[in-house]
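When a ligand or atom number is given, it counts from 1 through the structure's own listing order. As the structure is a prediction and not an experimental result, all values here were calculated from the model.
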Amino acid sequence: MKPVPFARWGLGLERPLVIAGPCSAESRDQVLDTARAIVQRAPQVRVFRAGAWKPRTRPGGFEGVGDDALAWLAEVKAQTGLLTMTEVATPAHVEAALLAGVDMLWIGARTTPNPFSVQAIADALRGTDIPVFVKNPLNPDLQLWVGAMERLFDAGLGRVAAVHRGFHWYERSPYRNHPMWEIPVRLKATFPELELIGDPSHIAGERTLLPGLAQQALDLNFSGLMIETHRAPDEARSDAAQQVTPEALGRLLGELAWRSASAGPGLRDELQEHRNLIDRLDEEIIRKLGTRMEVAERIGLFKQAHNIAILQPERWRRIMDAAHVLGREQGLSRHFVQALMDAVHDESIRRQTQVWERNREGGPVPDEGKK
Ligand code: PEP
Ligand code: MN
């Protein structure tokens, strides 16, 4: 895979590239009004996005207006000079988008993980050189993401970029999709030339979370942002809660700390990137510990209901053995794993004891085994 940086795409694109527009194209007026307001309120935006065909989890939702949207995108380009972009998931979409002169395409998170679909799209694109942005797959699998881009490169496309839109995750989180920053960072480390765009809208699921996520993407040296923008977000037919008005987009872009384009990725930037990643990972560790202790409390309640002692030395020994094996695999010292897990165990016992005490009116509690 030989990624080509924006500077060699021949479209005058620069970092940071800002892409904005509604989740879905809904009507000619909605598309044109939104595009005109974006040009007025957020002049940093170079590319206008709008979904013509919307992949919905269940049938019956708004599935996009289809081909009609492509003519509206052509009008956007003629009236505003913005480049245009839409999602393709089938060879028929590709054919229609190419015919209508859409400037760039993206492959959505539900399509990327399907090698048959991506191959069919790549085959339909063979012989063209239209830029294609590949969103990460819904599931946190870096290889599937890379594989999808490789299929495009193998079909002769050079202008391929990646979009980080977060991952489905089973744990509770403030986000609609978990950012798992380590995955895009690993992608960048493997392919430093690859242009990587942050899509904080689909990570957040909720517009108030956008600024923090957008800043984190810029801090990690992403090449730009894609932000869903609608003239009347609350009336949007898809992804209403995460879209912002063109005015709010302008304010958000104005408040972000952008990297200086001229400084280049110097040593200090690289150090800062590592530090930002460490901050994200620490945050995840603490969140996971929070979830772990909640589960421990639930176990505590179960033990109390069934009159089982809190401390179960046999079970704890098995946990420690497994932790030492995993720790060794991860290159962690035995001493560190022991100290960390002891602290986790102490806190877990404390939380279970606390929950017993809080729940004491539920019946007599045996003292045996309590720490
Ligand atoms: C979108 O960009 O509107 C979209 C459907 O995104 P994703 O494929 O990331 O869910
Ligand atoms: Mn969307």
Side-chain angles (χ1 to χ4, degrees), residues 17-26 30-31 34 38 45 47-59 61-66 69-70 72-73 83-90 93-94 97 102 104-114 117-118 121 131-142 144-145 148-149 152 161-169 175-180 183-184 187 196-207 209-210 213-214 217 222 224-245 249:
L17 176 67
V18 186
I19 303 168
C23 178
S24 307
E26 299 165 3
Q30 170 251 7
V31 166
T34 304
I38 286 175
V45 175
V47 182
F48 183 80
R49 61 148 284 158
W53 303 278
K54 299 307 294 180
R56 306 313 294 263
T57 304
R58 298 184 59 192
F62 174 61
E63 303 202 317
V65 299
L70 305 176
W72 306 336
L73 287 178
L83 296 172
T84 57
M85 188 181 199
T86 201
E87 172 171 348
V88 290
T90 68
H93 296 164
V94 168
V102 175
M104 312 200 216
L105 306 174
W106 84 80
I107 295 180
R110 289 159 191 77
T111 307
T112 305
N114 185 333
S117 297
V118 176
I121 293 170
V132 185
F133 288 66
V134 181
K135 292 209 175 194
N136 65 255
L138 293 178
N139 45 328
D141 184 332
L142 178 56
L144 271 176
W145 197 4
M149 289 186 278
L152 296 170
V163 179
H164 169 234
R165 48 82 73 208
F167 302 88
H168 274 186
W169 193 239
Y175 308 115
R176 175 181 177 193
N177 291 289
H178 204 292
M180 296 188 185
I183 295 181
L187 179 69
L196 172 61
I197 303 291
D199 172 356
S201 304
H202 288 90
I203 297 176
E206 214 264 286
R207 62 183 73 94
L209 298 173
L210 285 181
L213 290 165
F222 278 41
L225 298 170
M226 177 191 274
I227 299 182
E228 283 191 342
T229 308
H230 191 292
R231 67 173 177 182
D234 291 331
E235 290 162 25
R237 300 186 68 183
S238 58
D239 290 352
Q242 72 196 29
Q243 303 203 58
V244 292
T245 61
L249 175 70

Taking everything shown except E206 itself, do over 12 heavy atoms lie less than 6.0 Å from its CD?
yes

Taking everything shown except R231 itself, do over 12 heavy atoms lie less than 6.0 Å from its CZ?
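Yes, because the 6.0 Å sphere around CZ of R231 holds more than 12 heavy atoms from other groups.
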
Should [X] be counted as touching ligand 1, given the test is an N or O pair under 3.5 Å?
| X | value |
| --- | --- |
| H202 | yes |
| R165 | yes |
| C23 | no |
| D239 | no |

Under 4.0 Å to a heavy atom of [X] - the qualifying atoms of ligand 1, by number:
| X | value |
| --- | --- |
| K135 | 1 (C), 2 (O), 4 (C), 6 (O), 7 (P), 8 (O), 9 (O) |
| G108 | 8 (O) |
| R110 | 7 (P), 8 (O), 10 (O) |
| K54 | 1 (C), 3 (O), 5 (C) |

Can you tell me if R49 contacts ligand 1 (heavy atom of the residue under 4.0 Å from the ligand)?
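Right, R49 reaches ligand 1.
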
G51 near ligand 1 by a heavy-atom separation under 4.0 Å:
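It does not; every heavy atom stays at 4.0 Å or beyond.
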
Check the orientation of H178 and Y175. Use parallel for under 30°, tilted for 30 to 60°, and perpendicular for over 60°.
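Because their plane-to-plane angle is over 60°, the rings of H178 and Y175 count as perpendicular.
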
Could you walk me through whether R207 and D234 satisfy the salt bridge (Lys or Arg N to Asp or Glu O under 4.0 Å) test, starting with their C-alpha distance in whole Å, then the side-chain angles of each, then the deciding distance to 0.1 Å, before giving a yes or no?
CA-CA 11 Å; R207 62 183 73 94; D234 291 331; 3.1 Å; yes

Strictly distance-based, threshold 3.5 Å: is any side-chain N or O of [X] a donor or acceptor partner for the main-chain N or O of [Y]?
| X | Y | answer |
| --- | --- | --- |
| N177 | H202 | yes |
| Q30 | S24 | yes |
| T112 | K135 | yes |
| T84 | L73 | no |

Identify, by name, the N, O or S atom of E228 lying closest to the Mn ion (ligand 2).
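Of the nitrogen, oxygen and sulfur atoms in E228, the Mn ion (ligand 2) lies nearest to OE2.
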
For N/O/S atoms only: which one belongs to D239 and is nearest the Mn ion (ligand 2)?
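Per the distance ranking, D239 contributes OD2 as its closest N/O/S atom to the Mn ion (ligand 2).
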
Side chain, backbone, both or neither: which part of E228 comes within less than 4.0 Å of ligand 1 when only heavy atoms are counted?
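The part of E228 near ligand 1 is the side chain, not the backbone.
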
Checking a contact table here: which protein heavy atom is nearest atom 8 (O) of ligand 1, and how many Å away?
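Protein heavy atom with the smallest distance to atom 8 (O) of ligand 1: A109 N, 2.8 Å.
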
Under 4.0 Å between a Lys/Arg side-chain N and an Asp/Glu carboxylate O for R49 and D199?
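Looking at R49 and D199, the cut-off is not met.
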
